[in-house]
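Heads up, the thing below is written out as structure tokens.
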Number of protein chains: 2
Amino acid sequence: MARAARDVSGTRDAVATMLHGHAQRLTPTRQRIVDVLAGAAGPLTIPEILAAGRGLAQSSVYRNLVVLEEAGVVHRVVTTDDFARYELDEDLTEHHHHLVCSNCGRVEDLPATPAVEKSVAAAVEQAARRAGFRTQHHRLDLVGVCAQCGS
Amino acid sequence: MARAARDVSGTRDAVATMLHGHAQRLTPTRQRIVDVLAGAAGPLTIPEILAAGRGLAQSSVYRNLVVLEEAGVVHRVVTTDDFARYELDEDLTEHHHHLVCSNCGRVEDLPATPAVEKSVAAAVEQAARRAGFRTQHHRLDLVGVCAQCGS
DNA sequence: CTTTCTGCAAACGATTTGCAGCAGC
DNA sequence: GCTGCTGCAAATCGTTTGCAGAAAG
């Protein structure tokens, strides 16, 4: 619920601006989707979004997530299970990592720590550069057993 | 090509042992798949495996990858593009990270550096434990533009 | 011979798309 | 009105599965 405490109206304006920059409007359906994602503790699957945002049509959710992704509002997160997951872009939240449960597939956010970030940014960036790779951002996931699944 | 230099027969024995432990045989098809993966510079998609291992049937590749994954020989790697990718398990190679090209989807391996590993293992593990999460392993991907796509 | 593996073709299911109606400007 | 958004239903496509024959032990 950490993210739910964020400045909601500020997020709304930011989202509207991002959409307008891509010649898109912030429709009620899109607002609903963003609200659902903003209130979640981690990336959500489409079924989860449908369940949380009552009355949303499946195809509209898929279609709007594409629009929102192009506008940089949301980000697709792919894990090992069958469903794609979506979360708000880190511009709208904070940089974080993921705790991926290898048993139930659930994904929770984990705030990034400066120490890890620094080490990752430095050493890995250097190694990547050696391979002629221009890094845009990184992903760090911890795979294991979540609190609910662990005995 | 780094992995291609590895001890191939040793890998073969290890794979056979892992399969036997799961009541499975190391058939020619499975050997072929493992060879293809062992010679790759990163995780491969099924189409890439099919192209590299001439004469393999698509369904056999899918089916055998499931068997190999259950035996712990290979690992499914999911990125953002449409296809699933597979690589040899880190028991058979070394711990490494991935360079994911956000343009073409290609994935290359990047050897892990002790400094990064240590930092990640320490700080993040601690944070995860706080959330009641028992970490099994981690994934670190760098997303950016690969050498071929970058101008 | 019995069991497992292979490959073809059909089935599955998450995601995408065509289209008709409705809302916003 | 014209343009874009919604939702239903049909199409798509990566992946899975049923089945009959081939191969291993």
Side-chain angles (χ1 to χ4, degrees), chain A residues 12 15-16 18-37 43-71 73-87 105-107, chain B residues 12 15-16 18-37 43-71 73-87 105-107:
Chain A
R12 177 170 319 208
V15 170
M18 295 170 88
L19 283 170
H20 293 157
H22 288 254
Q24 298 286 349
R25 283 180 278 173
L26 179 53
T27 66
T29 303
R30 288 169 191 170
Q31 181 64 55
R32 183 92 60 90
I33 294 172
V34 171
D35 287 347
V36 169
L37 292 178
L44 298 182
T45 63
I46 274 81
E48 286 170 348
I49 296 174
L50 286 171
R54 308 183 130 281
L56 292 178
Q58 189 187 50
S59 63
S60 292
V61 172
Y62 275 108
R63 214 159 355 206
N64 282 306
L65 282 172
V66 171
V67 173
L68 291 169
E69 186 171 31
E70 284 172 351
V73 176
V74 303
H75 195 66
R76 178 184 243 157
V77 177
V78 190
T79 54
T80 324
D81 60 357
D82 286 332
F83 296 94
R85 289 168 184 276
Y86 286 86
E87 66 181 0
R106 196 175 301 277
V107 181
Chain B
R12 177 170 317 206
V15 169
M18 295 169 87
L19 283 169
H20 292 157
H22 288 254
Q24 297 287 347
R25 282 180 279 174
L26 178 53
T27 66
T29 303
R30 289 168 190 170
Q31 181 64 57
R32 183 92 61 91
I33 293 171
V34 170
D35 287 347
V36 169
L37 292 178
L44 299 182
T45 63
I46 275 80
E48 286 170 347
I49 296 172
L50 285 171
R54 307 184 131 281
L56 292 178
Q58 189 187 48
S59 63
S60 292
V61 172
Y62 276 107
R63 215 162 350 209
N64 281 306
L65 283 172
V66 171
V67 172
L68 291 169
E69 186 171 32
E70 284 172 352
V73 175
V74 304
H75 195 66
R76 177 185 243 156
V77 177
V78 190
T79 55
T80 324
D81 60 357
D82 287 331
F83 296 93
R85 290 166 184 277
Y86 286 86
E87 66 181 359
R106 196 175 301 276
V107 181

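Values below: all heavy atoms of this structure, side chains included; hydrogens, waters and symmetry mates excluded. By convention in this document, chain letters (A, B, ...) are assigned in the order of the sequence lines, proteins followed by strands, and residues within each chain are numbered from 1.
Checking C:dC5, D:dG14, D:dC5 against the side-chain heavy atoms of B:Asp82 singles out D:dG14 as nearest. When distances run from any side-chain atom of B:Ala84 to the nucleotides C:dT4, D:dT15, D:dT6, the shortest one goes to D:dT15. Distances were taken from every side-chain heavy atom of B:Tyr62 (C-beta onward) to each of C:dA14, D:dC8, D:dT16; the shortest belongs to D:dT16.
Going from atom CZ of B:Phe83 over to atom C1' of C:dT15 covers 14 Å, rounded to whole Å. Going from atom CZ of B:Arg76 over to atom C1' of D:dG14 covers 10 Å, rounded to whole Å. Summarising the geometry, the separation between CD on B:Glu69 and P on D:dT15 is reported as 12 Å, rounded to the nearest angstrom. Going from atom CD of A:Gln31 over to atom C1' of C:dG24 covers 17 Å, rounded to whole Å. Look at CD on B:Glu48: it is 12 Å from P on D:dT15, rounded to the nearest Å. Residue A:Arg30 contributes atom CZ, which lies 11 Å from atom P of D:dG4 at whole-angstrom precision. Per the geometry, CG belonging to B:Leu65 stands 14 Å off P belonging to D:dT17, to the nearest Å. Rounded to whole angstrom, the span from the CZ atom of A:Arg32 across to the P atom of D:dT6 amounts to 11 Å.
B:Gln58 comes within contact range of at least one nucleobase, with a heavy-atom separation under 4.0 Å. Residue B:Arg63 is classed as a base contact, given a heavy-atom separation below 4.0 Å to a base. At the heavy-atom level, A:Ser59 lies under 4.0 Å from base atoms of the strands shown. A:Ser60 comes within contact range of at least one nucleobase, with a heavy-atom separation under 4.0 Å.
When side chains are defined from C-beta on, B:Arg12 counts as touching B:Asp35, because their heavy atoms get closer than 4.5 Å. The closest side-chain heavy-atom distance from A:Gln24 to A:Glu70 is not below 4.5 Å. Contact of the B:Val67 side chain with the B:Leu19 side chain is registered, since non-hydrogen atoms from C-beta on lie closer than 4.5 Å.
What you find for A:Ile33 and A:Leu56 is that their closest heavy atoms are CG1-CD1, 4.2 Å. For A:Arg76 against A:Ala84, the heavy-atom pair with the smallest separation is NE-CB, 3.9 Å.
Mapping B:Arg25 and A:Arg25 onto DNA chain C by nearest heavy atom places B:Arg25 closer to the 5' end of the strand. The residue among B:Pro47 and B:Pro28 whose nearest nucleotide of DNA chain D lies closer to the 5′ end is B:Pro47.
Taking side-chain N and O atoms only, A:Asn64 has a distance below 4.0 Å to OP1 or OP2 of D:dT6. Within the structure, a side-chain polar atom (N or O) of A:Thr27 is placed less than 4.0 Å from OP1 or OP2 of D:dT6.
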